[in-house]
Protein chains: 2
Amino acid sequence: MHLLAGPEGQGWGKDPDRGLLLAALELLAERGYRGATTKEIARRAGVNEVTLFRRFGSKEALLRAALSHFIPVGFLERLPAEEAPLEEGLRQLLEAYLDLLKAHQALLPKLLAELLRHPGLRGAGPPEGILGVLERAVGFFRAQQRRGLLRSDEPPEEMALAFVGPLMARFLLGEALGVYLPLDQEAYLRGYLEGRYGAGREGQSGLR
Amino acid sequence: MHLLAGPEGQGWGKDPDRGLLLAALELLAERGYRGATTKEIARRAGVNEVTLFRRFGSKEALLRAALSHFIPVGFLERLPAEEAPLEEGLRQLLEAYLDLLKAHQALLPKLLAELLRHPGLRGAGPPEGILGVLERAVGFFRAQQRRGLLRSDEPPEEMALAFVGPLMARFLLGEALGVYLPLDQEAYLRGYLEGRYGAGREGQSGLR
DNA sequence: TTGCGCTGTAAGTATGCACTTACTTGCAGG
DNA sequence: CCTGCAAGTAAGTGCATACTTACAGCGCAA
């Protein structure tokens, strides 16, 4: 998986720009806002430091631009199609998410941290980044609802949050506190669909 | 709600220490690791900068100590008792969590960001901080399982994550991306307990 | 060839910061 | 009063870093 949409799509083409954006993203992820020095970004992009300032004006502007174009390329394609059968779709979603975490284990927590720290970083840019991915996921749940496979008395965003939320919480627990919980994927799917009421209900499961 | 356990409990009593820890925590939250300068921390604590170094050795050590003692005082008491009836307990948990977010709206995302950014900050210290709170919450779910009110084929940590996870995801969505989703508390509880299978099941709900 | 736009090179500026050193002051206990 | 420890004061060191300035080279179009 790469990190930037493109390579020539979005109109911010040109070579040195792209190299700088990519290098900025990598370094931001590796070392944080402070640690991503302009000198090092330029070096990694194979470009002179002065060029960085000439093209983006400031470090802040460069990083903002980089974040607004960030998207794990290839992730979108792994999301389930809206017409996918419910359980198969959920499994795909779960696996895509876990693979994403594995592939960008180092980057994601740092990127998240920077987003939390510098609210200014999130503006500016097409919503085709992370928000686009979220939209796609929500679309899947909406379609499943329309087909009557999921309860219809909750907004699809809620359905999506209920599925992804515990995974994100796990992620945070690990990255922020160093506490790692094992994950049983089948049990996770079962728990999501069947709820938490009552004693163990083996055999009643719609899953295998 | 305050920020540090104490005031004289844990053995790290003394006045200047406590003032420094508190100031460090506040500034860390307000301005991040980099922005929390030793000079400013000392000033806010009403103490000379040199004293900071004499007592903690380095900025890093001070911040680590501060984080390890951090706990939103008063939050613990709001968590449901293990014997609380299931739905009432869940409601308490939900409200305590929402109140916590409201009370520390500015601090929490910054603290989280710093934890993600500086993994070194999390070590060292008694688990009476945030982890203690988590333990308490998990204890509630475990007790409910033992009483047969929750399914028993999932570890209680899983039950807790399934409840808190979507809330945390909401929180992140808001803080990191600026996307805020409304929350219907009753629907949330229902969704948690009953799962997502099937069309709308009004009337079947165990909740009013 | 001339001129223009873009990039590179070299050097430098200004600033902020963690951390240190050397000395003084205040206070508590014997 | 004397001693000793903890805190304050003042000044400074060394370093990293964002950003600037001045100048030179290169390719391309008219």
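Lettering follows sequence order; numbering is per chain, from 1.
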**Message:** side-chain contact (heavy atoms from CB on, under 4.5 Å) for B:Leu150 and B:Leu193? Distances and angles first, verdict last.
**Reply:** CA-CA 8 Å; B:Leu150 291 177; B:Leu193 289 171; 4.0 Å; yes
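Listed by first and then second residue, the ring pair (Phe, Tyr, Trp, His ring centres under 6.0 Å) pairs involving residues 28-49 of chain B are B:Tyr33-B:His118 (not counting sequence neighbours). Within the structure, side chain to side chain donor-acceptor pair (under 3.5 Å) pairs that include any residue of residues 132-150 of chain B do not occur (at least two apart or interchain). Within the structure, the side chain to side chain donor-acceptor pair (under 3.5 Å) test picks out the following pairs touching residues 168-177 of chain A (sequence neighbours left out): A:Arg170-B:Glu158.
The nearest whole Å value for the distance from the CG atom in A:Leu52 to the C1' atom in C:dC6 is 15 Å. Look at CZ on B:Phe56: it is 15 Å from P on D:dA6, rounded to the nearest Å.
Partners of B:Tyr97 according to the ring-ring contact (aromatic ring centres under 6.0 Å, His included) rule, which considers only residues two or more places apart in sequence or in another chain, do not exist here. Listed by chain and residue number, A:Asp184, A:Arg190 satisfy the side chain to side chain contact (heavy atoms under 4.5 Å, CB included) test with A:Ala187 (two or more places apart in sequence, or in another chain). In this structure A:Phe171 satisfies the ring-ring contact (aromatic ring centres under 6.0 Å, His included) test with no other residue, sequence neighbours excluded. Contacts of B:Tyr188 classified as ring-ring contact (aromatic ring centres under 6.0 Å, His included), with partners at least two apart in sequence or in another chain: B:Phe163.
In the helix from C:dT1-D:dA30 to C:dG30-D:dC1, the rotation axis of the first five pairs and that of the last five pairs differ in direction by 10°, rounded to 10 degrees.
A close approach under 4.0 Å does occur between a side-chain nitrogen or oxygen of B:Arg55 and OP1 or OP2 of D:dA7. Between B:Asn48 and D:dT9 there is a side-chain polar atom (N or O) within less than 4.0 angstrom of OP1 or OP2.
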**Request:** Could you encode protein contacts along nucleotides 15-25 of chain C as a string, one character per nucleotide from 5' to 3', using B for base contact, S for sugar-phosphate-only contact and - for no contact, with a heavy-atom cut-off of under 4.0 Å?
**Result:** --SSB------
